[in-house]
Q: 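The structure follows.
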Amino acid sequence: MSQLNSRQRQAVQYVDGPLLVLAGAGSGKTSVITRKIAYLIEDCGIKARYIAAVTFTNKAAREMKERVSQLVSGSSARGLTVSTFHNLGLNIIRRECGELGFRPGFSIFDDQDSKTLIKDLLFKEFSEASDDVNLLQARFSEWKNGLVTPEKAIRQAITQDDLLSARLYQQYNQHLRAYNAVDFDDLIMLPVLLFREQPQILQKWRDKIRYLLVDEYQDTNLSQYELVRQLVAERQALTVVGDDDQSIYAWRGARPENLAQLQKDFPDLKVVKLEQNYRSTARILKAANHLIANNPHVFEKSLWSDFGLGEEIRLIQVRNEETEAERIAAEILDHRLQKRVNYRDCAVLYRGNHQSRLLEMKLQAYQVPYQLSGGVSFFARNEIKDAMAYLRLLANPDDDAAFLRVVNIPRREIGPATLESLSQFAEQNRVSLFAAIHLESLDEALRDRSVNNLREFAHLILHTLQRCEEQEAPEALKLLFTAIEYEDWLLQNCASPQQAERRMGNVWLLLEQLERMLEYGPAEENALSLQEAIAKLILRDILEQQNEEENEDKVHLLTLHASKGLEFPHVFMMGLEEDLLPHRNSIENDQIEEERRLMYVGITRARTSLAMTYCKERKQFGEKIESTPSRFLDELPDEDVIWEKIGQENPERNRAKGKATLDALFKDLAEDS
DNA sequence: TCCTTTCGTATTTTT
DNA sequence: TACGAAAGGA
C-alpha cells in the first residue's frame, strides 16, 4: 500500500459502494485493480471465489492474474475469477446451457464462420447477390450488442431494407441454434436475456459474484454494461476503471457514454481521478492534454508527471511514403548507434496495417530487427482453421460450418454438387449435415458413390470420437491427423516442403497445447474437458503466448489500436495526414473525436521521445495525391514542438539522412559487434 | 476439381 | 497499387 499515491490508495480502500476510477494513461490503473483485489481478500476478508475481475483481452486477464498472485499469500487467491467478458459469458452459458436450449459441446462461431453462414443464407433465402455480407454482419453484431432480438428488429424495421435484414437476422439465429452454436456476441447477449427472464438463475450468479471489478470500462458496449448492472444488483459492490479519452472502439459498439451513465444508474457513485502519470515526460503529457482538450468531456482531467520537461516533439515533413519509411528506419538506426538505445525500446505506430509494408522493407534493408503485432494471427492460418474445424466437429457434430470446412480436406471426392444435395436433404429432414448422413433414406437422395464417401467420412469422425472416450484424447487426435494424411495434403498445397513442414508443426503445436489443457488445465489447476479446451482455443484464451517474444531486441511495429496499454521509451507515429489520421471515413462520418482519441493514445505511449512524420505527397490507389498535414498537428502546443520541413532542415538533425551517412552508420555497427 | 484470370475494392479488429 | 474473391476454362 505504501507504494501507492493517495488517490490510488483511496481507490483501493473504497469498498462500500460503486466506484469509478478515472485513470488517465500511465496512471497505474492495473496496479489499482490488482491491489484492490488483494485488499479485498486480505484486509476485507472477502473470499477470492466471490470476487470477479473482468477485462477485454486475454492478455490483460493473464497479466492481472499474475500480478494478483504475486500480491496475496499462497492459496488465498484460489477461486478468484479473472476473465474476459466473453469468457465470463461462456461460463454462464455453459452452466445454464440447458435453460438456453443448447446442448453441451456447443460450438462458438468466429467471425469467418458467421460471415460464411450469412453469405449462405443470403443466397438460399433471397437468392440475392452476396455483396452486403459485411454490412449485414456488422448490423447483426450491432443488434446483439444493443440487446435487440430478431423479433424486436422486425418490429422496429422502417424501410423494406430494414425488414429484410431483420428477417435474415432471425434466420441467422435460427441456424445457429440448429447447429448448436453461438457467435461471439451471443456470449454476452444470451446471459443477459437469460438473467432477465429467470431471476432465480441471476440470483445464483449474484451469490457467486459479490464483488465485481471492470477494467477498460470505456470499451463496454450496451450488452456488457447490462450484464454488469445485472450482476452488481443492490449490493453495488462495483469498481470500474476507465479513461474516456482512450475510448477507441466505438466502431465495435463500445459506448464511452457508459462512464457518464454510471452516475445516473448509481447515484452514490464515488469518482476518483488518477492524474499523476508515471510514464512520460511533462512535455509529452502537455501535448496530450492540449490535444484532447479539443474534445468535449464529462469528467475533466489533466495528466501531470514528476519527470522533467523532456525533449520537444518533432514533427517531420517528408516528401512521400518512401522517404517516410526511409527516414524512420534511419532515425531508429541513429537512436541505436548514437544514443545506445535498444531496438526494443522503439515503436512505430500507424493508423492502418498496410502502412507497415514499406517500413518493413526499409527495416529489412538496414537489417533492423522488428516485430509486427496484430498481423496474421496464428488462428487465421489455414492449417489451424482446418485443425480447429476437426476439433469442433468432434465436440459438436451438428456444427455444419466445421463440417463443411473439413469434409473435403483432404480430398474425399465430396464436391459442391454432393454437398448441395446433402444440404437439401438435411433441410428436408430438419437435421444437421452430419446427422443426415446416418439417415437411411439418404440412399435414395444421393448417388451411391457420394453416399459412400460421406459415410466413410462420418465413420472417421465417429471412430475418433470413440477412441477419445476409450483412451487418451490427445493420442486419438494425433492418430486422426496421421490417418487423414494431413501432412501429404499440405505438401500438395504448399509452395515448398519447408512451408508444409512448418504448417504441420503448427498443427502439432495446437494439439500439444490442447493436450496440456486436458491434462493440467489453465494455471495447472484443474483439467479441462475436450469441449472446454476447444472453447478456450476459439476464444484465443490459450496459445497466444507464443507471439510474446518480448525479450528479443526488436523494434515494435503496431497500429494505434494495438498500442493501447503499452509503453515505449521512443515512439514514432507515421502518416500524420488528413484522410489517414483522421481517417477519411471518420471525417465523412463525423467521428473526428474518436480519431483524436486515437492520436491521444499514440502520444501517451511515449516515455521520453516522440516524433511524428507526414508526407507532402503520397501514392494512394496507384496515383500520387498531395497530402495535407493532419489537423491534429495544429492542436499540439506550439512551444513544445519542432517543425522540421523540407527545404529548411536543421542540419544537426540530418545526420541520419541520406545513403552516405547510412553507410557510415553501418561501418559503426560493424565495429560495434 | 483445380488452376488461371479477371474484377472490384480499399480502416481500426479486444473475442 | 495490391490483394482477395469469384468466375471461367481445361
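Per chain, numbering begins at 1; letters A, B, ... match sequence-line order.
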Q: Within this structure, what is the CD1-to-P distance between I188(A) and dT14(B), rounded to whole angstrom?
A: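 So the CD1-P distance, I188(A) to dT14(B), works out to 15 Å.
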
Q: Under 4.0 Å, heavy atoms only, any strand: does E413(A) hit a base, just the sugar-phosphate, or nothing?
A: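 Here E413(A) touches the backbone only, sparing every base.
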
Q: Report yes or no: is the ring centroid of W251(A) under 5.5 Å from the six-membered base ring centroid of dT13(B), with the two planes under 30 degrees?
A: no

Q: dT11(B) phosphate, OP1 or OP2: any side-chain N/O from T559(A) under 4.0 angstrom?
A: no

Q: Base, sugar-phosphate or nothing for I414(A)? Non-hydrogen atoms, less than 4.0 Å.
A: sugar-phosphate

Q: Quick one: on DNA chain B, does I248(A) or R412(A) contact a more 5' nucleotide (nearest heavy atom)?
A: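 By nearest-heavy-atom nucleotide position, the 5'-most residue is R412(A).
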
Q: Scan S586(A) against the nucleic acid and name what it touches under 4.0 Å (heavy atoms): base, sugar-phosphate only, or nothing.
A: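 Base, at least one base atom sits under 4.0 Å.
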
Q: Would you call the rings of Y225(A) and Y217(A) parallel, tilted or perpendicular if under 30° counts as parallel and over 60° as perpendicular?
A: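 Answer is perpendicular, since the angle exceeds 60°.
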
Q: Can you tell me whether the side chain of R357(A) and the base of dT1(C) have a donor-acceptor pair closer than 3.5 Å?
A: no

Q: Tell me whether the rings of W489(A) and Y486(A) are parallel (<30°), tilted (30 to 60°) or perpendicular (>60°).
A: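 Rings of W489(A) and Y486(A): parallel, as their planes differ by under 30°.
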
Q: Using a heavy-atom cut-off of under 4.0 Å over every strand shown, decide if D219(A) touches base, sugar-phosphate, or nothing.
A: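 Base contact - D219(A) has a heavy atom under 4.0 Å of at least one base atom.
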
Q: Would you kindly give the CD-to-P distance between E578(A) and dT11(B), to the nearest whole Å?
A: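 Result: 18 Å.
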
Q: Please output the side-chain donor-acceptor pairs of residues 580-591 of chain A that fall under 3.5 Å, not counting sequence neighbours, one pair per line with the distance.
A:
residue, atom, partner, partner atom, Å
H583(A), ND1, N585(A), N, 3.1
S586(A), OG, E595(A), OE2, 2.9
N589(A), ND2, N585(A), O, 2.8

Q: Where the side chain of H561(A) is defined as all heavy atoms beyond and including C-beta, which of dT13(B), dT14(B), dT11(B) is the nearest nucleotide?
A: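 Between dT13(B), dT14(B), dT11(B), the one nearest the side chain of H561(A) would be dT13(B).
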
Q: What interatomic distance, in whole Å, is found between C1' of dT11(B) and the corresponding atom of dA6(C)?
A: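 It comes out at 24 Å once rounded to the nearest Å.
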
Q: Parallel under 30°, tilted from 30 to 60°, perpendicular over 60°: which one fits the rings of F568(A) and H556(A)?
A: tilted

Q: In terms of ring plane angle, is the pair F140(A) and Y172(A) parallel, tilted or perpendicular, where the classes change at 30° and 60°?
A: tilted

Q: In this structure, how many angstroms lie between the P atom of dT1(C) and the CD atom of Q355(A), rounded?
A: 19 Å

Q: Can you tell me the distance, in whole Å, between the CD atom of Q620(A) and the P atom of dT9(B)?
A: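 Between P of dT9(B) and CD of Q620(A): 17 Å.
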
Q: Within the structure shown, what part of the strands sits under 4.0 Å from F85(A) by heavy-atom distance: base, sugar-phosphate, or nothing?
A: nothing

Q: Compare side-chain N and O positions of K119(A) against OP1 and OP2 of dA6(C) and report whether any pair is under 4.0 Å apart.
A: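 Yes, such a contact exists.
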
Q: If you check the H86(A) side chain, which of dT15(B), dT14(B), dT12(B) turns out closest?
A: dT15(B)

Q: Could you tell me how far apart N353(A) (CG) and dT9(B) (P) are, to the nearest whole angstrom?
A: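 Interatomic distance, CG of N353(A) to P of dT9(B): 21 Å.
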
Q: Can you tell me if N58(A) touches the phosphate of dT15(B), counting only side-chain N or O atoms and a distance under 4.0 Å to OP1 or OP2?
A: yes

Q: Atom CG of D579(A) and atom C1' of dT11(B): how far apart are they, to the nearest Å?
A: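 Result: 12 Å.
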
Q: May I have the distance from L372(A) (atom CG) to dT12(B) (atom P), rounded to whole angstrom?
A: 12 Å

Q: Write down the distance between NE2 (H354(A)) and P (dT12(B)), rounded to a whole number of angstrom.
A: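 So the two atoms are 7 Å apart, to the nearest Å.
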
Q: Evaluate whether the aromatic ring of H583(A) and the six-membered ring of the dT11(B) base sit under 5.5 Å apart, centre to centre, with an inclination under 30°.
A: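 Yes, the aromatic ring of H583(A) stacks with the base.
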
Q: Under 4.0 Å, counting only non-hydrogen atoms across every strand here, what does N408(A) touch: a base, just sugar-phosphate, or nothing?
A: sugar-phosphate

Q: Tell me whether D215(A) contacts the main-chain N or O of F56(A) through its side chain, where contact means a donor paired with an acceptor under 3.5 Å.
A: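 No.
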
Q: Could you work out, with salt bridge (charged side-chain N to carboxylate O under 4.0 Å, His left out) as the rule, every residue matching E485(A), not counting sequence neighbours?
A: none

Q: Where does dT12(B) land, syn or anti, given syn is within 90° of 0?
A: anti

Q: From the set dT14(B), dT13(B), dT15(B), return the single nucleotide nearest to any side-chain atom of T84(A).
A: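 Looking only at side-chain atoms, T84(A) lies closest to dT15(B).
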
Q: With a cut-off of less than 4.0 Å, is there a side-chain N or O of N585(A) near OP1 or OP2 of dA10(B)?
A: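 The answer is no; no side-chain N or O of N585(A) sits under 4.0 Å from OP1 or OP2.
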
